[in-house]
Undergrad: 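Next up is a structure, given as structure tokens.
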Amino acid sequence: MSVSAPVKLTIKDYKSELHNDWCPGCGDFGILTGIQMALAQLQLDPDKVAMFSGIGCSGKTPHYINAYGFHTLHGRVLPVATGGRLANTALTVIALGGDGDGYGIGAGYFVNTGRRNLDFTYLVHNNNVYGLTKGQASPTLSKGKRTKSMPEQAIQDGINPIAMAVAAGYTFIARAYALDPKHCAQIIARAIQHKGSALVDVLQTCPTYNDLYTKEWYEGADLPEKKSRLYKLEERGYDGKVQDPSDPEEIVAKKAAAVARSYEREPIPIGVYYEALLPTYEDEIYKRIPSLKDTPLVEMDTFHRDVTPLLEAMR
Ligand code: SF4
Ligand code: MG
């Protein structure tokens with residue numbers, strides 16, 4: 001009997017047939033390609049991947065990917081993705097959304113997800129505006145900045161998502177650039193492979209509403225020497241990985257280094273800021289309910305359980 005070689009999955013296997021209605025030139029296209037390249041790189045079966053999204057232009061991303069998809073509520077992608085992951089730990093879970101969705105409306109969930117260290121990936125399409133609702137300033141737009149869709153300059157300062165993620169407890173924190181899908185895919189693949197909560201903040205262009213942070217701006221087309229306003233951390237010898245996760249001093253030092261880099265402006269660092277292998281939320285749950293480790297909740301017969309002893313105990 002001959003055994004056929006396993007079929008190698010390619011980027012095409014992760015594309016859906018749905019019509020894409022993003023504006024021409026939107027940075028979301030680069031992120032979409034980056035995700036599909038990462039899934040192909042890791043050879044993940046589409047039926048073992050679950051994508052969850054918030055509300056915004058980026059929320060449509062799961063529609064365009066051949067995998068399970070769940071388009072959730074504004075700012076609520078993380079609790080829904082948390083539920084999905086806990087119900088079926090056999091799935092690779094990827095949550096995604098915009099900067100307004102995740103760092104504004106969903107900020108409370110953003111913080112509490114970091115401290116939980118659940119094993120999943122969160123991608124934020126960070127374009128400094130609320131694109132779907134016509135370009136209002138998002139939480140990442142700096143004070144004094146004004147895009148073409150705003151009547152006045154922003155009067156509040158922007159937040160620093162990388163520093164916020166360090167403080168919250170994410171154990172893999174990176175930044176990518178949407179218009180470099182190859183590098184973006186490498187970062188996303190590493191985030192998916194990381195055991196713990198991974199945040200990838202992706203700098204995304206919105207040619208329709210953000211005329212400040214354009215492809216030309218990021219790539220320094222206006223500068224005399226045409227030098228990019230981005231640099232790759234790994235190319236400057238930076239290594240954010242904690243070598244000994246049992247050493248609290250090393251963790252603090254690596255976190256401090258990541259925060260210091262996150263405040264650098266022009267050039268902006270992209271790449272992995274921080275990485276540490278620490279116990280996950282799942283590890284803690286398995287200690288209490290060991291059977292969950294081998295059988296995900298979704299495969300357990302929870303409907304026909306006799307709960308009488310539990311009710312008796314609560315009398
Ligand atoms: Fe992309 Fe901006 Fe158009 Fe939304 S509004 S699809 S973010 S270019
Ligand atoms: Mg946005």
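Nothing fancy with the numbering, it's 1 onward along the sequence. In each ligand, atom 1 is the first atom listed, and ligand 1 is the first ligand listed. Bear in mind the structure is a predicted one, so any value in this text is a computation, not a measurement.
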Undergrad: Are the charged groups of Lys195 and Asp119 less than 4.0 angstrom apart, N to O?
TA: no
Undergrad: What residue and heavy atom of the protein are closest to atom 2 (Fe) of ligand 1, and at what distance?
TA: Cys206 SG, 2.3 Å
Undergrad: So, 2.8 Å as the limit: is an N/O/S atom of Cys57 located closer than that to atom 4 (Fe) of ligand 1?
TA: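 Cys57 does place an N, O or S atom closer than 2.8 Å to atom 4 (Fe) of ligand 1.
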Undergrad: Phe110 vs Tyr122 aromatic rings, parallel, tilted or perpendicular, using cut-offs 30° and 60°?
TA: tilted
Undergrad: Decide whether the shortest distance between a heavy atom of Gln204 and an atom of ligand 1 is less than 4.0 Å.
TA: yes
Undergrad: Determine the interplanar angle of the Tyr218 and Tyr177 rings, folded into 0 to 90°, and report it as parallel if under 30°, tilted if 30 to 60°, perpendicular if over 60°.
TA: tilted
Undergrad: Have a look at ligand 1 and work out which part of Leu132, if any, has a heavy atom under 4.0 Å from it: side chain, backbone, both or neither.
TA: neither
Undergrad: Would you name the N/O/S atom of Asp99 that lies closest to the Mg ion (ligand 2)?
TA: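 Asp99's closest N, O or S atom to the Mg ion (ligand 2) is named OD1.
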Undergrad: Which of the numbered atoms in ligand 1 are under 4.0 angstrom from any heavy atom belonging to Pro207?
TA: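 Under 4.0 Å from Pro207, ligand 1 has these atoms: 8 (S).
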Undergrad: Angle at the Mg ion (ligand 2), O of Val129 to OD1 of Asn127, rounded to 10 degrees, please.
TA: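 Vertex at the Mg ion (ligand 2): approximately 80°.
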Undergrad: Are any of the side-chain nitrogens in Asp247 or Lys254 under 4.0 Å away from the carboxylate oxygens of its partner?
TA: no
Undergrad: Got a second to check how far Asp157's CG is from Ser142's OG, nearest 0.5 Å?
TA: 6.0 Å
Undergrad: Write out the residue and atom name of the closest protein heavy atom to atom 3 (Fe) of ligand 1, then the distance separating them to 0.1 Å.
TA: Cys23 SG, 2.3 Å
Undergrad: Can you list the atoms of ligand 1 that are under 4.0 Å from a heavy atom of Tyr209?
TA: 5 (S)
Undergrad: Under 4.0 Å, heavy atoms only, figure out whether ligand 1 is touched by the backbone of His125, its side chain, both or neither.
TA: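 No part of His125 is near ligand 1 at this cut-off.
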Undergrad: As an exercise, identify every atom of ligand 1 less than 4.0 angstrom from a heavy atom of Asn127.
TA: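 Once the distances to Asn127 are compared, the set is 7 (S).
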Undergrad: Got a second to check how far Leu141's CG is from Gln136's CD, nearest 0.5 Å?
TA: 12.0 Å
Undergrad: Report the C-alpha distance between Asn128 and Leu212 in whole Å, list the side-chain angles of each, state the deciding distance to 0.1 Å, and finish with yes or no for side chain to side chain contact (heavy atoms under 4.5 Å, CB included).
TA: CA-CA 9 Å; Asn128 317 99; Leu212 297 176; over 6 Å; no
Undergrad: Mind telling me whether Phe172 and His194 have parallel, tilted or perpendicular rings, with 30° and 60° as the class edges?
TA: tilted
Undergrad: Among all protein non-hydrogen atoms, which one is nearest to atom 1 (Fe) of ligand 1, and what is the separation to 0.1 Å?
TA: Cys26 SG, 2.3 Å
